[in-house]
Amino acid sequence: MHLALGSKDFYNRGVKKYILRNQPKQAALDTFRQAYQSSLNEQQFQVATAPDGPALVIAGAGSGKTRTLIYRLAWLVHRGVPPESILLLTFTRRAAHEMLKRAAQLLDERCQRVSGGTFHSVAAAILRRYGKALGLAPSFTILDRSDAEDVIQLLRGEMGFSEKGKRFPKKGTLSDLFSKVQNRLLTLDEVVEQEYPHFTDQIELIRSLFTRYQKYKTDRHLVDYDDLLVDLYALLSEHRPIRDALAEQYRHLLVDEYQDTNKIQGEIVRLLGRDGRVMAVGDDAQSIYSFRGADFQNILRFPNYFPGTELYKLEENYRSMQAILDLANAVIAESARQYPKHLFTRKEGGMKPALVRAQDESEQSRFVAQKILELREEGIPLSEIAVLFRSSFHSFDLEIELARCNLPFEKRGGFKLTETAHVKDLMSHLRILVNPSDAVSWNRLLLLIPGIGPRTGQKMIAKVQQEGREALRGFARGPQAEAISRLLDMLAQAERSDSLTDRIEQAMEYYLPLMKNKYDDYPKRTKDLEHLLVIAERYRTLDRFLSDLALEPEESIIDVAGADSDKEKLVLSTIHSAKGLEWRVVFLIWALDGYFPSIYTFTDEAELDEERRLMYVAITRTKEQIYLSYPIRIFHRTSRAFLSKPSRFIESVPEEILELWMLSEEN
DNA sequence: GAGACCGACGTTTTT
DNA sequence: CGTCGGTCTC
């Protein structure tokens with residue numbers, strides 16, 4: 001099979017190279033097998049040493065997917081593939097780092113040279129290098145979600161849409177809509193028709209806003225998350241020499257979490273991996289990102305994109321006790337999965353999962369906190385315990401209770417430090433140093449100055465765009481003139497410094513008085529900014545620092561938080577952020593029908609199915625014990641309904657699998 | 001034109 | 001509870 005596949009593409013590359021690369025394969029395989037066969041099961045070993053042709057690996061939860069990918073990397077490098085020519089695409093950058101590190105430990109340092117990252121970060125890197133072909137300056141600024149919404153809001157106002165009586169979509173809705181157009185490679189008409197039919201009568205206005213939004217970004221070298229992918233796609237599909245150069249550079253593609261790629265990412269893989277040297281790994285049962293355009297049909301379509309695809313399955317679960325798996329299987333059984341697989345474990349028995357009913361939210365929090373204290377007494381470290389939930393705010397009450405019990409925790413998911421107003425304020429001063437035409441940042445920092453509002457701000461930005469920032473000196477009058485002068489002096493000084501931390505300190509010195517003016521809780525916010533300085537110390541250049549913060553807002557922070565405290569911590573996490581992780585004990589709170597699944601998904605079959613998969617992901621994070629809890633008599637204001645039932649995904653699970661617990665207050 | 005104030009309103013998950 | 005949009009005053 002391998003030869004038949006290979007022969008097709010090696011015409012392009014030359015016979016000599018092909019033979020050279022593959023000649024020592026049998027010998028390599030023998031030594032590799034000897035060294036590592038005992039570390040992998042047969043299925044995993046087959047995947048790790050699979051031939052170069054297209055491969056799709058359906059890896060069940062806890063089946064050692066990451067481990068297998070690490071051995072795959074090690075195998076390729078061991079076999080003599082230059083590490084630089086391997087591209088590893090993962091869901092988070094942390095996942096990529098982790099894998100390369102472990103592969104390096106396994107084999108040798110060469111594995112660290114493998115190229116890896118998220119689709120977005122890889123796209124950013126490629127675009128900085130080749131974006132010129134699309135008219136993109138290498139210093140382009142990456143807009144995060146709220147930056148993008150700021151621009152949309154600005155244009156929305158400019159166009160005079162805020163007329164009375166007419167309902168025009170809000171910035172968040174518009175941003176979602178535009179995002180779907182880009183991610184799913186659909187037309188605006190299609191998206192409006194499918195998802196926002198109530199705005200059909202405004203479609204012309206929406207379209208013109210979309211056009212203006214795109215132009216606004218292009219003119220100012222601004223790139224939003226979707227543009228990163230769309231532009232990379234354009235680069236690959238419209239610029240043949242660049243595509244050839246990249247395909248030559250990245251001869252082997254490894255794509256993790258393939259079920260959560262969206263249409264355009266699928267196309268990028270197809271274009272980059274046109275040789276067919278692509279291995280995609282994923283689990284259709286764990287697809288939980290369709291809200292941002294992920295299409296798990298991608299994983300089903302893979303064999304069509306890449307004729308001759310070998311299908312592998314990893315079905316042995318090494319993570320969970322049988323009792324946990326029974327629950328997971330019961331939950332997912334109702335779902336219409338496309339790749340049938342049979343997950344099994346050899347870890348017999350285990351504690352039966354518990355369904356805990358609490359009288360109200362407060363009792364739920366007290367139950368979780370107390371149980372965690374007990375578990376710690378029993379010798380289970382806090383780092384082996386996690387509390388998971390559907391939405392970030394679900395943990396608010398628990399966070400207070402944990403603080404009361406002196407239980408240290410780390411929260412993942414939800415609001416990020418880099419998304420807070422004061423951090424964005426400070427960053428905007430740095431961003432214009434890299435990209436002087438970054439109007440989003442200019443707008444942000446000018447409006448901080450007392451006496452400068454939206455109108456004056458816009459005029460000033462226009463001035464800067466035409467004549468450069470020094471032109472502002474003559475422009476500002478009265479009390480603003482002094483503030484502008486201080487701003488320009490600070491920027492000039494920062495420009496002269498070559499140390500990143502110096503630059504940030506200068507920006508802080510300028511910004512802190514403004515911040516104190518704006519926020520009453522400035523002491524807390526000052527701490528955040530100092531924390532940012534700590535993060536910055538790991539970076540050499542400003543562009544890299546800004547780019548990373550825009551692409552991975554939370555991780556850069558978690559790393560530092562994890563490094564500076566050796567204290568053991570409990571993890572509180574949204575289920576989305578818990579993907580790929582595992583703990584001995586898991587609490588799933590708010591397993592209340594109406595919260596999880598959310599009441600808003602009740603009417604949509606596909607969304608409901610995604611919620612179910614989300615529940616499956618939560619359960620399969622567990623190694624030994626899981627407690628699902630829900631409070632009763634919760635009043636849902638919008639729908640004016642009382643919620644008292646456990647999640648529909650677990651309600652009909654028999655008592656042999658899921659045990660009901662009643663709480664009785666002893667204290 | 002800036003900024004304070006008031007009433008209305010509401011899903012959530014992330015690169 | 002916090003954000004959004006509109007209105008009012010300086």
Side-chain angles (χ1 to χ4, degrees), chain A residues 89-96 117-124 142-149 153 156-157 161-165 167-168 170-173 175-176 179 182-183 223-229 257 260-262 264-265 287-294 388-394 396 412-416 418-419 421 446-447 449-459 477-480 517-518 547-555 573-579 590 594-604 607 610-611 613-615 617-618 636-640:
Chain A
L89 291 166
T90 54
F91 206 68
T92 62
R93 189 173 314 159
R94 185 171 47 183
T118 62
F119 273 92
H120 291 86
S121 67
V122 167
I142 299 168
L143 302 181
D144 69 14
R145 164 94 196 197
S146 80
D147 295 330
E149 287 185 358
Q153 183 72 346
R156 189 178 182 269
F161 288 155
S162 324
E163 290 166 47
K164 281 178 203 163
R167 201 181 308 133
F168 194 72
K170 303 229 170 83
K171 62 178 182 184
T173 314
S175 167
D176 272 349
S179 186
Q182 307 256 60
N183 276 322
V223 168
D224 67 21
Y225 286 147
D226 302 317
D227 293 331
L228 286 171
L229 303 178
E257 308 281 13
D260 283 323
T261 55
N262 57 38
I264 193 156
Q265 289 168 327
S287 156
I288 54 175
Y289 277 94
S290 75
F291 70 89
R292 76 172 205 214
L388 306 182
F389 32 86
R390 172 70 184 87
S391 313
S392 191
F393 74 91
H394 289 170
F396 287 169
R412 295 185 189 167
F415 224 65
K416 314 278 159 41
T418 43
E419 286 165 356
L446 287 174
L447 291 190
I449 299 170
I452 300 182
R455 268 329 210 317
T456 317
Q458 281 313 302
K459 281 185 200 158
R477 306 240 169 270
Q480 283 95 291
N517 201 26
K518 195 174 164 194
S547 227
D548 274 15
L549 281 195
L551 288 169
E552 304 263 334
E554 94 203 282
E555 285 195 44
S573 175
T574 59
I575 301 170
H576 284 91
S577 298
K579 188 173 180 182
W590 285 106
Y595 268 61
F596 190 4
S598 154
I599 202 160
Y600 303 100
T601 62
F602 283 4
T603 52
D604 187 316
E607 283 182 42
E610 175 144 321
E611 298 273 305
R613 292 192 297 268
L614 198 55
M615 175 74 83
V617 169
H636 192 268
R637 263 199 293 152
T638 331
S639 59
R640 317 188 76 243

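Everything numeric in this text was worked out from a predicted model, so none of it was measured. The sequence lines fix the lettering, A, B, ..., with proteins before strands; numbering per chain opens at 1.
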[X] [atom1] to [N] [atom2], straight-line distance once rounded to whole Å:
X        : N      : atom1 : atom2 : value
A:Arg156 : C:dC4  : CZ    : P     : 11 Å
A:Arg145 : B:dT15 : CZ    : C1'   : 11 Å
A:Leu143 : B:dT14 : CG    : C1'   : 16 Å
A:Lys518 : B:dG3  : NZ    : P     : 11 Å

Contact class for [X] vs. all strands (heavy atom < 4.0 Å): base, sugar-phosphate, or nothing?
X        : value
A:Ile599 : nothing
A:Tyr289 : sugar-phosphate
A:Gln480 : nothing
A:Lys171 : sugar-phosphate

Discussion item. Applying salt bridge (Lys or Arg N to Asp or Glu O under 4.0 Å), can you list everything that pairs with A:Lys171, at least two apart in sequence or on another chain?
Written reply: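 None.
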Exercise for the section: Using the test side chain to side chain donor-acceptor pair (under 3.5 Å), find all partners of A:Gln458 that sit at least two apart in sequence or belong to another chain. Expected result: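 Per chain and number, A:Gln458 pairs via side chain to side chain donor-acceptor pair (under 3.5 Å) with A:Asn443.
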Exercise. Which residue lies toward the 5' end of DNA chain B, A:Arg455 or A:Glu419, if each is placed at its nearest nucleotide?
Worked result: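 Looking at DNA chain B, the more 5' nearest nucleotide goes with A:Arg455.
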Report task. For the residue pair A:Thr601 and A:Glu611, confirm or rule out a side-chain donor-acceptor distance under 3.5 Å. Result ->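 Not at all, the side chains of A:Thr601 and A:Glu611 share no donor-acceptor pair under 3.5 Å.
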**Asked** Using atom P of each nucleotide, how far apart are B:dT13 and C:dC4 to the nearest Å?
**Response**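 Those two atoms are separated by 15 Å.
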For this session: Go through B:dG3, B:dT15, B:dG1 for me and flag the one nearest to the A:Lys459 side chain.
Result: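 Of B:dG3, B:dT15, B:dG1, B:dG1 is nearest to the side chain of A:Lys459.
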Side chain of A:Tyr225 only, heavy atoms from C-beta on: which candidate in C:dC4, B:dT14, B:dT15 is closest?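 The answer is B:dT15.
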(message) Are A:Tyr289 and A:Phe291, when compared by the centres of their aromatic rings, separated by less than 6.0 Å?
(response)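 Yes.
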### Task
Report the relative orientation of the aromatic rings in A:Trp590 and A:His394; use parallel for angles under 30°, tilted for 30 to 60°, perpendicular for over 60°.
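Aromatic pair A:Trp590/A:His394 classed tilted.
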Provide a list of protein-nucleic acid N or O atom pairs under 3.5 angstrom, restricted to nucleotides 7-12 of chain B.
residue, atom, partner, partner atom, Å
B:dT12, O2, A:Arg390, NH2, 2.7

- Message: Show, in sequence, the C-alpha distance, side-chain angles and deciding distance for A:His576 and A:Phe91, and conclude whether the ring-ring contact (aromatic ring centres under 6.0 Å, His included) test is met.
- Response: CA-CA 11 Å; A:His576 284 91; A:Phe91 206 68; 9.3 Å; no
